[in-house]
Amino acid sequence: MSTSNDILVRCRGVTKQYKKGETLVTPLESLDLDVPRGDFLAMMGPSGSGKTTLLNLLSGIDQPTSGTIEFDGMEIQDLPRRKLAGWRARHVGYIFQLYHLVPVLTAFENVELPLLLDDMSRRDRRERVEAALSLVGLADRVHHYPRELSGGQEQRVAIARALVADPALLVADEPTGDLDREAADAILGLLQTLVREQHKTVVMVTHDPRAADAAMRILHLEKGRLQEAAV
Ligand SMILES: Nc1ncnc2c1ncn2[C@@H]1O[C@H](COP(=O)(O)OP(=O)(O)O)[C@@H](O)[C@H]1O
Ligand SMILES: [Mg+2]
């Protein structure tokens with residue numbers, strides 16, 4: 001029997017509306033979602049169907065118009081914005097399609113960034129950063145700048161940055177969208193390893209059915225709700 005403790009993220013009746021000039025857009029409408037701990041969930045859906053909006057709500061970057069989002073048993077939808085930033089830094093790692101590394105910082109310095117918010121000794125920070133870069137297979141690229149890395153390596157640095165504060169949840173928005181097949185497969189294999197060996201929970205948005213196949217389950221976002229993929 002599953003208890004609420006097995007569920008890392010629980011969305012109930014989540015609606016998100018945006019005003020676009022005079023019109024109201026409703027990308028998410030009364031959406032329910034349970035993400036169990038240790039899940040690797042792929043979310044698919046046409047462009048504009050609300051995939052990024054949903055990732056932003058799960059990760060506390062944005063807040064729903066109505067409904068509840070429980071993360072590890074705590075409702076986050078009403079946290080004040082200034083608290084959300086600190087909460088997010090500890091609980092969620094965000095991985096983007098275009099990596100979003102800071103070009104003038106080395107791999108080490110990029111991965112170190114999220115830890116600078118914390119009160120941590122330099123030495124502890126260095127250990128955490130080196131461990132995260134080892135985990136993604138880049139122990140030998142610590143002092144390289146983003147321009148000296150391949151796209152796949154840049155995405156690994158971005159994953160190390162997402163991991164370094166040891167969050168329970170990793171959200172990834174089209175993480176392989178800009179990579180060739182070989183680099184994409186390596187990134188997907190890495191995400192699988194993080195779920196299996198580091199007990200991470202991953203929610204990944206993708207257009208690519210091959211990427212979605214790397215996940216444990218696939219949901220489709222349609223008309224503001226999530227549907228099981230037809231097999
Ligand atoms: N900050 C925003 N302000 C206004 N409209 C937005 C905003 N973010 C997203 N939208 C609208 O919400 C809908 C869903 O967008 P998005 O979540 O980015 O879709 P997807 O990631 O599936 O392509 C789109 O119609 C988009 O234009
Ligand atoms: Mg999007």
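Side chains included, hydrogens not; waters and symmetry mates left out as well; all remaining heavy atoms used. The structure displayed is predicted, hence computed values, not measured ones.
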Locate the shortest heavy-atom distance separating [X] from [Y]; write the atom from each residue and the value.
X: Gln153; Y: Arg141; result: NE2-NE, 3.6 Å
X: Leu179; Y: Gly151; result: CD2-C, 3.5 Å
X: Ser30; Y: Thr15; result: N-OG1, 3.0 Å
X: Ala165; Y: Ala89; result: CB-O, 3.5 Å
X: Pro146; Y: Asn110; result: CG-ND2, 4.0 Å
X: Pro46; Y: Lys51; result: O-NZ, 3.0 Å

Whether the side chain of [X] engages the backbone of [Y] through a donor-acceptor N/O pair (distance < 3.5 Å, no angle test) should be reported.
X: Glu127; Y: Asp124; answer: no
X: Glu75; Y: Thr68; answer: no
X: Arg37; Y: Ala168; answer: no
X: Gln63; Y: Gln77; answer: yes
X: Thr106; Y: His144; answer: no

Determine, using the 4.5 Å side-chain heavy-atom cutoff (strictly less than), whether [X] and [Y] are members of one ILVMFWY cluster.
X: Leu115; Y: Leu138; answer: yes
X: Leu8; Y: Leu33; answer: yes
X: Val142; Y: Leu101; answer: yes
X: Leu169; Y: Leu84; answer: yes
X: Val171; Y: Leu219; answer: yes

Flag the pair [X] / [Y] as yes when at least one side-chain heavy-atom distance between them is below 4.5 Å, and no otherwise.
X: Leu116; Y: Arg125; result: yes
X: Ile69; Y: Val14; result: yes
X: Val136; Y: Val157; result: no
X: Ile159; Y: Leu194; result: yes
X: Leu79; Y: Met74; result: yes
X: Leu191; Y: Phe40; result: yes
X: Met216; Y: Asp39; result: yes
X: Leu31; Y: Leu221; result: yes

How far does [atom1] of [X] sit from [atom2] of [Y], to the nearest 0.5 angstrom?
X: Leu133; Y: Arg128; atom1: CG; atom2: CZ; value: 13.0 Å
X: Arg126; Y: Met120; atom1: CZ; atom2: CE; value: 14.0 Å
X: Glu29; Y: Thr65; atom1: CD; atom2: OG1; value: 10.5 Å
X: Arg225; Y: Leu28; atom1: CZ; atom2: CG; value: 11.0 Å
X: Met204; Y: Ile95; atom1: CE; atom2: CD1; value: 10.0 Å
X: Ser66; Y: Gln17; atom1: OG; atom2: CD; value: 7.5 Å

For this session: Could you list the residues that satisfy ring pair (Phe, Tyr, Trp, His ring centres under 6.0 Å) with Phe96, not counting sequence neighbours?
Result: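 For Phe96, the residues satisfying ring pair (Phe, Tyr, Trp, His ring centres under 6.0 Å) (neighbours in sequence not counted) are Tyr94, His100.
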Exercise. Could you walk me through whether Thr52 and Val205 pass the side-chain contact (heavy atoms from CB on, under 4.5 Å) check?
Worked result: CA-CA 8 Å; Thr52 297; Val205 162; 5.6 Å; no
For this session: Could you check Met43 against Leu55 for side-chain contact (heavy atoms from CB on, under 4.5 Å), going step by step and ending with a plain yes or no?
Result: CA-CA 10 Å; Met43 283 198 310; Leu55 285 190; 3.9 Å; yes
Problem set entry | Check against side-chain contact (heavy atoms from CB on, under 4.5 Å), Met44 and His220 | CA-CA 5 Å; Met44 304 188 80; His220 282 268; 3.7 Å; yes
Exercise. Parallel under 30°, tilted from 30 to 60°, perpendicular over 60°: which one fits the rings of Trp87 and Phe71?
Worked result: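 Rings of Trp87 and Phe71: perpendicular, as their planes differ by over 60°.
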Problem set entry | Electrostatic pair Arg10:Asp34 at N-O distance under 4.0 angstrom |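 Judged by the 4.0 Å cut-off on N to carboxylate O distance, Arg10 and Asp34 do form a salt bridge.
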Problem set entry | Lys/Arg N to Asp/Glu carboxylate O, Arg81 vs Asp62, below 4.0 Å |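 A salt bridge is present here (some side-chain N lies under 4.0 Å from a carboxylate O).
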Exercise. How would you list all residue pairs meeting salt bridge (Lys or Arg N to Asp or Glu O under 4.0 Å) that involve residues 166-191, not counting sequence neighbours?
Worked result: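 Counting only pairs at least two positions apart or across chains, the salt bridge (Lys or Arg N to Asp or Glu O under 4.0 Å) contacts touching residues 166-191 are Asp166-Lys200, Asp185-Arg210.
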